[in-house]
Colleague: 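What follows is a structure written as structure tokens; I'll ask about it next.
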Amino acid sequence: MTKSYDFDVLVIGAGPGGYHAAIRAAQLGLKTACAERESVGGVCLNVGCIPTKALLHAGDIRAEARHASDFGLQLAEQRMDIAKLNGWKDGIVKKLTGGVSGLFKANKVTHLIGNASFVDDHTVQVGDKTYTAASIIIATGSEPARLPGLDVDQQGIVDSTGALVMPDPVPARMLCVGGGVIGFEFAHIYNNMGSQVKVIEFLPTIIPGADADAVKAFQKSMEKQGIKVAVQTKANRAEKKQDGIHVELENVKTGEKSVEVFDRVLVAVGRRPRTDGLNPEKAGVTVTERGFVPADSKQRTNVPHIYSIGDVASNPMLAHKAMKEGLVAAEVIAGKPAEQDAVAIPGVVYTNPELAWVGLTEQEAKDKGYEVKIGNFPFAASGRAMTLQQTDGFVKMVVEKDTDLVLGVHIVGPRASDILSEASLALEMGATATDIALTIHAHPTLGEAMLEGAESAHKQAIHIVNR
Ligand SMILES: Cc1cc2nc3c(=O)[nH]c(=O)nc-3n(C[C@H](O)[C@H](O)[C@H](O)COP(=O)(O)OP(=O)(O)OC[C@H]3O[C@@H](n4cnc5c(N)ncnc54)[C@H](O)[C@@H]3O)c2cc1C
């Protein structure tokens, strides 16, 4: 590596992708800087994964408290201190972003503050200073997609960032435009806080990409909790009036239009890659029509010493994918034989029950020509789920018929996100359903549903009648 550069590696963006890349590069002995124009931690820590999960937890406790009378716990009337809720959530964010800053210091990553933009393929301007680097990693992330007719003002009409500030009083009527992961997490939060929530989705099904059976069970559970769901429906425009936000909804199948009134409208119709202010063209870096900076499996862009990771590089826009790609980019720069070659990237909706999946859906497996057998174990038959008062959902395992290889696992249920890690490992290790069935799982645990799901694929589950 040439000594004449200011840094061996300059990372642009300190989100999950960027801070993983910077820390790993430093661990590998590279002189590293990371430029960030807002707060370290990126979307995930500041306005994404972490604050949503905090609000989801608070809402779940509130909902669970209502069921405590089943076992004799009589709680006084519920009162939510909204200012305290927002403050508690912000405190977690602060602690974690402070943690990232601390890790930068401990690993001797130079934190450059300001907007970073390319001057040429080895030079980046940050604020009013310029720095040179042998390798540069683009980790600028993504931002909410907009919808014509629904102007986000972060008051009545909000995007995910605006929706993270719980208003006082909690809105009586809430509309979530977009039935994806973010739309449903907020629907669940607001529903648990007492709002009457409606979710509309343009496509014929919610949570696109998830297994059809899992989505069906998930939707049923959300509706049981009071969330209204309308598919093949779009919002044309919204108008603020004295009595609320009037939204024109249209059934895209029949063309039928109606106006409904809400107190808060969330626009959660996807995210788009972010390269504003970056000037990638000055470095000769290719940006696609949709705004992505594409990379190969070693995270290299079309300019070999410039890398791209995380949301700005490709879908799926998930923190753990960004983190992994950050490690790969740093290791490739350090000359290690690293590559992004995951068998599958897990996906999770952190509602209650959660929806979590990894690998192929039943339909995808069939479309790829696999002959499959299906394992299915309902949480209604799980002793642990009963003790937690959370028996909605199941583990569905998609298994190749002849080889017994696990192709995909789809879970609707309590703590599905945590159970899923075993499924991810199974896929990466090329495990068969027999491998999972022969593994002793602690009893009573929710994870046993994986064991019984695998047994069920062999029609040998113990706690259900096998058909
Ligand atoms: C509401 C919500 C909930 C989510 N929940 C989850 C979840 O539970 N699990 C999950 O896996 N994912 C979740 N995500 C997605 C997750 O947040 C992203 O996938 C992840 O943050 C992507 O990481 P990244 O490093 O690619 O980019 P980002 O986190 O977007 O970080 C990019 C950083 O780069 C900075 N930046 C951009 N341009 C410049 C520039 N020119 N100069 C300097 N700095 C710049 C930005 O300020 C930002 O801090 C959620 C997202 C949202 C919105």
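The chain is numbered in sequence order, starting from 1. All ligand and atom numbering here is 1-based and tracks the order in the structure. Being a predicted model, the structure only gives us computed values, none of them experimental.
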Colleague: If you count the atoms of ligand 1 from 1 in the order shown, which ones are under 4.0 Å from a heavy atom of Gly310?
Modeller: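 Heavy-atom distances to Gly310 below 4.0 Å select 26 (O).
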Colleague: Does Lys396 pair with Glu362 as a salt bridge, N-O distance under 4.0 Å?
Modeller: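 Counted as a salt bridge, because a side-chain N and a carboxylate O are separated by less than 4.0 Å.
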Colleague: Nearest to atom 19 (O) of ligand 1, what protein heavy atom do you find, and at what distance?
Modeller: Asp311 OD1, 2.9 Å
Colleague: Just which atoms of ligand 1 are under 4.0 Å from any heavy atom in Met317?
Modeller: 15 (C), 19 (O)
Colleague: With no hydrogens and no angle check, do the side chains of Gln125 and Thr130 hold a donor and an acceptor under 3.5 Å apart?
Modeller: no
Colleague: Is it the side chain (CB and beyond), the backbone, both or neither of Val348 that lies under 4.0 Å from ligand 1, heavy atoms counted?
Modeller: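 Neither part.
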Colleague: Within a distance under 4.0 Å of any heavy atom of Arg271, pick out the atoms of ligand 1 and give their elements.
Modeller: 53 (C)
Colleague: Would Gly114 count as a contact of ligand 1 if the rule is a heavy atom under 4.0 Å away?
Modeller: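 Yes.
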Colleague: Counting only heavy atoms, which portion of Leu318 has something under 4.0 Å from ligand 1: side chain, backbone, both, or neither?
Modeller: both
Colleague: Say whether Lys282 and Thr123, considering side chains only, have a donor N or O and an acceptor N or O under 3.5 Å apart.
Modeller: no
Colleague: If you measure from each heavy atom of Val47 to ligand 1, is any distance below 4.0 Å?
Modeller: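 Contact present.
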Colleague: Give the residue, atom name and distance (to 0.1 Å) of the protein heavy atom nearest atom 25 (O) of ligand 1.
Modeller: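 For this ligand atom, the closest protein heavy atom is Gly17 N, 2.9 Å.
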Colleague: Is the side chain of Asp120 donor-acceptor paired with the backbone N or O of Ala283 at a distance under 3.5 Å, no angle test?
Modeller: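 Such a contact is absent between Asp120 side chain and Ala283 backbone.
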Colleague: Of all the non-hydrogen atoms in the protein, which one sits nearest to atom 6 (C) of ligand 1, and at what distance?
Modeller: Cys49 SG, 3.3 Å
Colleague: Using a 4.0 Å cut-off to any heavy atom of Gly141, which atoms of ligand 1 qualify?
Modeller: 26 (O), 27 (O), 28 (P), 30 (O), 32 (C)
Colleague: Less than 6.0 angstrom from the centroid, inside 45 degrees of the normal: does Lys31 satisfy that with respect to the ring of Phe7?
Modeller: yes
Colleague: Can you confirm whether Arg146 is buried at CZ, in the sense that more than 12 heavy atoms of other residues, nucleotides or ligands lie under 6.0 Å from that atom?
Modeller: no
Colleague: Any salt bridge between Asp392 and Lys224, counting N to O under 4.0 Å?
Modeller: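 Salt bridge present between Asp392 and Lys224.
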Colleague: Hey, would you say the Tyr131 and Tyr5 ring centroids sit under 6.0 Å apart?
Modeller: no
Colleague: Quick one: does ligand 1 sit under 4.0 Å from the side chain of Thr52, the backbone, both or neither, non-hydrogen atoms only?
Modeller: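 It is the side chain that gets close, since no backbone atom is under 4.0 Å.
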Colleague: Within a distance under 4.0 Å of any heavy atom of Ser142, pick out the atoms of ligand 1 and give their elements.
Modeller: 30 (O)
Colleague: Which atoms from ligand 1 have a heavy atom of Gly13 less than 4.0 Å away?
Modeller: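 With Gly13 as reference, the close atoms of ligand 1 come out as 33 (C), 34 (O), 35 (C).
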Colleague: Backbone, side chain, both or neither: what part of Ala322 comes under 4.0 angstrom of ligand 1, heavy atoms only?
Modeller: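 The answer is the side chain.
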Colleague: Looking only at protein heavy atoms, identify the closest one to atom 36 (N) of ligand 1 and say how far it is in Å.
Modeller: Arg37 NE, 4.0 Å
Colleague: Taking heavy atoms and a distance under 4.0 Å, where does Lys53 meet ligand 1: side chain, backbone, both or neither?
Modeller: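 Under 4.0 Å from ligand 1, Lys53 contributes side-chain atoms alone.
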Colleague: Consider only side-chain N and O atoms of Gln225 and His188, and report whether a donor and an acceptor are under 3.5 Å apart.
Modeller: yes
Colleague: For the pair Glu250 (side chain) and Val252 (backbone), establish whether a donor and an acceptor sit closer than 3.5 Å, ignoring hydrogens and angles.
Modeller: no
Colleague: Looking only at distances, please establish whether an N/O atom of ligand 1 is found under 3.5 Å from an N/O atom of Tyr350.
Modeller: no
Colleague: State plainly whether the residues Glu364 and Lys368 are in salt-bridge range, i.e. N to O under 4.0 Å.
Modeller: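 The answer is no: the pair does not qualify as a salt bridge.
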Colleague: Would you find more than 12 non-hydrogen atoms of other residues, nucleotides or ligands less than 6.0 Å from Lys89 atom NZ?
Modeller: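 For Lys89, atom NZ is crowded (more than 12 foreign heavy atoms under 6.0 Å).
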Colleague: I'd like to check which ligand 1 atoms, numbered from 1 as shown, lie under 4.0 Å from a non-hydrogen atom of Asn115.
Modeller: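 Per the distance check, 40 (C), 41 (N), 42 (N).
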Colleague: Which bit of Ser160 gets closer than 4.0 Å to ligand 1, counting heavy atoms only: side chain, backbone, both or neither?
Modeller: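 Under 4.0 Å from ligand 1, Ser160 contributes side-chain atoms alone.
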Colleague: When you measure from atom 33 (C) of ligand 1 to every protein heavy atom, which one gives the shortest distance, and what is it?
Modeller: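 Among all protein heavy atoms, the one nearest atom 33 (C) of ligand 1 is Glu36 OE1, 3.5 Å.
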Colleague: Starting from atom 21 (O) of ligand 1, which protein heavy atom do you reach first, and at what distance in Å?
Modeller: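 Checked against all protein heavy atoms, atom 21 (O) of ligand 1 sits closest to Cys44 N, 3.3 Å.
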Colleague: Above 12 or not: heavy atoms from other molecules or residues under 6.0 Å from NZ of Lys240?
Modeller: yes
Colleague: Using non-hydrogen atoms of the residue, decide whether Met323 is closer than 4.0 angstrom to ligand 1.
Modeller: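 Heavy atoms of Met323 never come under 4.0 Å of ligand 1.
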Colleague: For ligand 1, which atoms, with element, lie under 4.0 Å from some heavy atom of Ala139?
Modeller: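 Per the distance check, 32 (C), 33 (C), 34 (O).
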Colleague: In the protein, what heavy atom is nearest to atom 29 (O) of ligand 1, and what distance, to one decimal place, separates them?
Modeller: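 Here the closest protein heavy atom is Val43 N, 2.9 Å.
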Colleague: Within the supplied structure, the quantity of interest is the number of heavy atoms (other residues, nucleotides, ligands) at a distance under 6.0 Å from Arg415 CZ; does it exceed 12?
Modeller: no
Colleague: For the pair Trp88 and His57, name the ring-plane relationship: parallel under 30°, tilted 30 to 60°, perpendicular over 60°.
Modeller: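 Ring orientation, 0 to 90° scale: tilted.
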